[in-house]
Amino acid sequence: MNIIIFGPPGAGKGTQAALIKEAFNLEHLSTGNMFRNAIKNETPVGLKVKSIMDAGNLVSDEIVVEMVDEELKDPKYDKGCIFDGFPRTVAQSEAFDNLLADKGQNVKALIALEVPEEELVRRILSRGQGRTDDTEEGVKNRLKVYHNETAPVLAYYADQGLVKSINGVGTVDEIFDRIKQALG
Ligand code: ADP
């Protein structure tokens, strides 16, 4: 079972992904975490994407898709996965669907976490994870990029009837209960 956890920066994708992973026995693939690891380890990809990420811009579709494609070769993903931060553009969504189809798999649902914008900014600036893109400028730009480039992913999967909208305001447990209900 492959699930996409979707939403603007600060919506709680990573937090809910960890719970879904446990409850449904899935893998968790976060492209943001993969890039942060690449930067920490100073890999060629890491060196290339650092300034892009710090500014809150998107890494190119080509780099992202190639990285996910490589990662999904690991047989541990055969049981299914929760995708967090990917796909983030319509081009990534199309490439992702093709990639899964080649493996005889598909996307079962896209969980869209809905959180008002003031709450997103408040959460990110107070979460104190020491992320170099969690600055006021970085957050503003990530929200702009979300609206322009990432929000269209919703329509793409809505056309396939896969979108489950979830109210992302409340306690972590409340939100997780809503997700479990939506997944049935
Ligand atoms: P958030 O959703 O809080 O912004 P993420 O960890 O998902 O955090 O992403 C952080 C940054 O990593 C993004 O702003 C972008 O620069 C890069 N990134 C992560 N996933 C992708 C992706 N699928 N496509 C392009 N860039 C990505």
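Start at 1 and go down the list; that is how both ligands and their atoms are numbered. Just the heavy atoms: all of them, side chains too, but no hydrogens, waters or symmetry mates, feed the values below.
The protein heavy-atom contact nearest to atom 5 (P) of ligand 1 is Arg88 NH2, 3.7 Å. The protein heavy atom nearest to atom 20 (N) of ligand 1 is Thr31 OG1, 2.7 Å. Given atom 10 (C) of ligand 1, the protein heavy atom at minimum distance is Arg131 NH2, 3.5 Å. The single protein non-hydrogen atom nearest to atom 17 (C) of ligand 1 is Met53 CG, 3.8 Å, given as residue, atom name and distance. Ranking the protein heavy atoms by distance from atom 14 (O) of ligand 1 puts Arg142 CG, 3.7 Å first. Nearest protein heavy-atom contact of atom 2 (O) of ligand 1 is Lys13 NZ, 2.8 Å. In this structure, the protein non-hydrogen atom closest to atom 26 (N) of ligand 1 is Val59 N, 3.1 Å. The single protein non-hydrogen atom nearest to atom 6 (O) of ligand 1 is Arg36 NH2, 2.8 Å, given as residue, atom name and distance.
Linking Ile, Leu, Val, Met, Phe, Trp and Tyr residues whenever their side-chain heavy atoms come within less than 4.5 Å leaves Met1 and Val68 in two separate clusters.
Residue contacts with ligand 1: Glu149 is excluded, as none of its non-hydrogen atoms falls under 4.0 Å. Using a 4.0 Å cutoff on heavy atoms, Met34 does not count as a contact of ligand 1.
Every residue meeting the side chain to side chain donor-acceptor pair (under 3.5 Å) condition with Lys73, not counting sequence neighbours, appears here in chain and number order: Glu70.
More than 12 heavy atoms of other residues, nucleotides or ligands sit less than 6.0 Å from atom CD of Glu119.
Nearest residue to atom 16 (O) of ligand 1 from Asn57, Leu58, Asp61, Thr89 is Asn57 (criterion: closest heavy atom). If you check each of Lys50, Gln92, Arg123 against atom 24 (N) of ligand 1, the one with the closest non-hydrogen atom is Gln92.
Side chains of Glu71 and Tyr77: a donor-acceptor N/O pair is present below 3.5 angstrom, by distance only.
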